[in-house]
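Any value given below was found using the heavy atoms of this structure, including those in side chains, with hydrogens, waters and symmetry copies removed. In what follows, every chain begins at residue 1, and chains take the letters A, B, ... in the order their sequences are listed. Because the structure is predicted, anything quoted here is derived from the model rather than measured.
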Amino acid sequence: MSETSSSRRSASKDAVKSYFAGKYNKVLDSILEAEAAISKSPTVAEDLSGSSSSGNSEMSHPSLTASSATSQGISKKELLQQIAGSLFSTSIERLKTAHSSEVSSTPEYSVNDSYGEQECRECDGVFKCSAHFEGAPEYYDDETESGPALEPMTSNSEKDPFIDVFLDKLISRLVPEKLPEREHFSSKTTIEHDLDTGRVPVFSATTLGSNFKKLSKKMGSIFELQDSIVRLLTWRNPTGTVTSLILFTLICFNPMYLVILPIFRFVYGIVVPGYVRKHPLQRSIYPLKRNHGSSLLYDVCYEGKNEYSYGQQFFSKSFMDTLESRNQEIDEISELDKRTENTGELKQGMKVLINLRDMQNMTSGTLHVIEAINSFLRKSSSFQNEECSTKRFFTGFLLIVFLKILSPFVNWSYVCSIFAWCLLIYMHPRAHPKIISFFKTGTMGKEYKNLKKREHQALNMIFDEQPETKFIEIFEIYKKALLPNDWKFFRYSNRIFDPQDPYRRAQQFPPGVDSLADVIPPTGWSFDPNFEWKIDNDVDRWVVERGLNLPITGEFLFDPMFKRRRLIHRVIKNATPVA
Amino acid sequence: MDTNSKTKVQTENKKIKAKFIHNHGQKPSLIQITPPMISSTLFHAYPLLLIFDNALANIMWLSDDKCLTFIYLTSIWLTISFFIPVETEASHFLPFTKILRLWLGIISGAFLFLSFMYYIVSLIASLRDTEPPTLDEIVVLLESVLDKLEVLRNELNVWKKLKLSFDGVNKECSGKRLFCRLFLFGTIFQIIIMRYISPGTYTRFFIITGLIYNTSSFQATLRLLWRFTAVRNFYYLGIESFKISSFLPKHLKMEQIIPLSQGRAITVPLVEVLPKLLRDKKGDDHIHILQLLLNEQKDNFGNEDLKILEIEVYENQRRWYQNKNWSTKLLPYERQNYCIEIKNTDGTLTMRSCLPPDGLGEEELPNNWHWINDNWDGTDWIYSDSAWKEIGQYSSLESFTRSRKWKRRLFHL
């Protein structure tokens, strides 16, 4: 019963597959033609009509090459009609093949497939669609965005490149029309319901692509933020690091600063500078050319000495309200206006590229982090290394108890702020090696002690849990010889090989071996060496459990061709199962 | 023909953009005209000038690295806290907190001192290493110091701002009076504050405020707060409540105006002037009688005098936003929509609110006073800035207030 159903399913699958292959080849060919027509040919209409009437995909290629030779202008309307026409012809093609091969097992695919076809549903049938042939641009427009029907096509084609739309449609046909929400992904029962109600967002390659494009432009600020955080953590901006530490300390002692500081940042970082820009404070201070002297904090915190110039730190940007700078500013702006937008575009392109690279780095970084977390979780939780995992459990347990008892006596403000200061001082590029070497010298002498300690610790734990045991079965199958009651050993198999067995029905040998020595236990288990292979004498029991209705004699179960008996063996679970 | 007209149009459309004046351009070399004595003195003072300039820049937060200045500020705060302990609620961490604060105070004090010393040492070292400054460089530095000091003076000169604001009410406000008021109110205000805030917090607050007062952000904050009428009202509260006018009726009437402005009246011989005054008058009974009297008893009036009084009512308006319409609503502490200038006993002038000219015209005049003109004569608007300082006759972006005078004369028999 199950065999028949599975075979039918596979057959229908193959049919669908071949159907898809044929259909999309045709659609693709016609699209390629249309693309070529857009770029080159004015006289492609005839070729197209020819190819569509013949319906042969091989035929379309010569026509394409022929059309590419000519190069004259073509009106957009004509061109669009051609595109629509080619689409329409392919859809007719597809329908024809569908009718001839009568692949009726997938009706939902055969009805709504390509552009023309989907629109044809509106006019309730294929044959009325000849009327649509003239007004092809209209319904193409309808298809891509539900605007007014007679909107000119040009704007639309600029928005959505043709191939994008095509890909989008392709994907939307290949995947189920409505994808379930993520939260429902695990429970299958709700999917159907959601599909019916139709409030599930649809997957679209175009939207995804455009979103990525927009994101890559807009992600700049996020990456800048990320970059500035990294700069702060690595002491590349020492005063910034110290300032953020001070602010962090403030937050630790008064969490209200979590609200206050962003507002402060908004008011004094955005609003007040805006006010000052509009109503300058009349502070015309003349900037100095040279500056002498340097700050202690810089020289202490910077890795290389005098890498920066103190003079540059001072007096460079704070004179924006002097008249000279305003003059320059205005000149620059006017020049920028005059210049062609080439440089701007170049800059923008570079920015997008940088953003894309950062995005790529971010995604790969996220993957690394996720992998690291996963491997840690797997290692610590799987008890592959019994000692290690036990130790982890023990330390974890102790920590829970200890921290719970300790928690009421902790002043979090001090702990957090002191921890942050220590951590960042530890992370300082110049202080880091010194701190490490300081602690290493302290631990040098302890190494021997540690070794002894470890040896001692090894005896702290004992792993003497009773391992799990189970029994395995193997069937010793005999084949009927020429004489009655003459049986010949056939093989050891893990299948009963009764008349209903699929292998037997397929007239194949069951998987098996000739010697018991070749029988291996299931993975993660090993044979009990103190146990021999034993013949199961309680035949009735395993026969009844399997629902077989065959004669039993002694330890054997008979059928017209074969007899078999069950051998059992005891297996013990390995201490370290394979992951 | 066509091309000609085109070029003409182009030349007409072409406009030229004026540029700002450069204040700090190239200057003639100073070496020849400066005596060597001054040059050498300036050269020796150069490091000191640099230190002073840097100190001023730090006070004004002109550094691009605001974080550094913020760290200095925090260090100063912690150092102050070392000397003036912060009052905290008792907790079981008190000893630890105390020790931490003391330690932080010492550390930050040491940090500040070391930073200062390091700066001076590195400054001297870098001066030794680099070539000596030219005279022009020293002068530029001097200018920079002067600019900063000028800005500081402008921003710290609260007195000037106060006086400017007072001008809205009193044309000439004596400094003594202003000082008395400030002193009185300041003291009361401080006593109230001191009751609720400990001296330590008070001192800290003033030191920190002093350190950030000259930042552009703080100045911008003050200006932005000054935009709110509530803030201005609070600021002028003291003046309002101490003004004599607040005990008097709000709008002056003719019967009050005439005695108050008696001093301005001119006395002329009656016989000569009265006929002229009465020449065109008709209608009213009392004028008719006057005319008859004049005709009959011309000789009897021979030695008597006629008092003539001109009343000037100021009409004031304020513009609350740039590019918006003029409003009759004015700030509560300044001169009101219609007011009249009155001389105080000490000679200063005060604007006192009065009824609008129409209202004054309809009122019955006190005994023996008669209008000379039938209507009020209005002058053109005079535009002035927010503090009523005159700008000119035309409305510009600068002008926020305007006023005009309505004149009418009276005579007393």
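Of the atoms belonging to L146(B), not a single heavy atom falls under 4.5 Å from chain A. Using a 4.5 Å cut-off between heavy atoms, R227(B) contacts chain A through its side chain alone, with no backbone atom that close. Contact of L245(A) with chain B is not made at all, since no heavy-atom distance falls under 4.5 Å. Interface residue T74(B): only side-chain heavy atoms are found under 4.5 Å from chain A.
Nearest heavy-atom pair across D385(B) and T401(B) is O-OG1, 2.7 Å. Of all the heavy atoms in Y298(A) and P238(A), the pair that sits closest is CD2-CG, 4.5 Å.
Between chain B and the options T243(A), V272(A), V271(A), I246(A), heavy-atom pairs under 4.5 Å are most frequent for T243(A). For the set N214(B), I120(B), L114(B), D129(B), the count of heavy-atom pairs under 4.5 angstrom toward chain A peaks at N214(B).
T241(A) and R236(A) share no donor-acceptor pair across their side chains, judged by distance under 3.5 Å alone. Between the side chains of W77(B) and S108(B), not a single donor N or O lies within less than 3.5 Å of an accepting N or O.
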(message) Before you tell me yes or no, could you show the steps for L424(A) and F248(A) under side chain to side chain contact (heavy atoms under 4.5 Å, CB included), namely the whole-Å CA-CA distance, both residues' side-chain angles and the distance that decides it to 0.1 Å?
(response) CA-CA 12 Å; L424(A) 274 163; F248(A) 181 77; over 6 Å; no
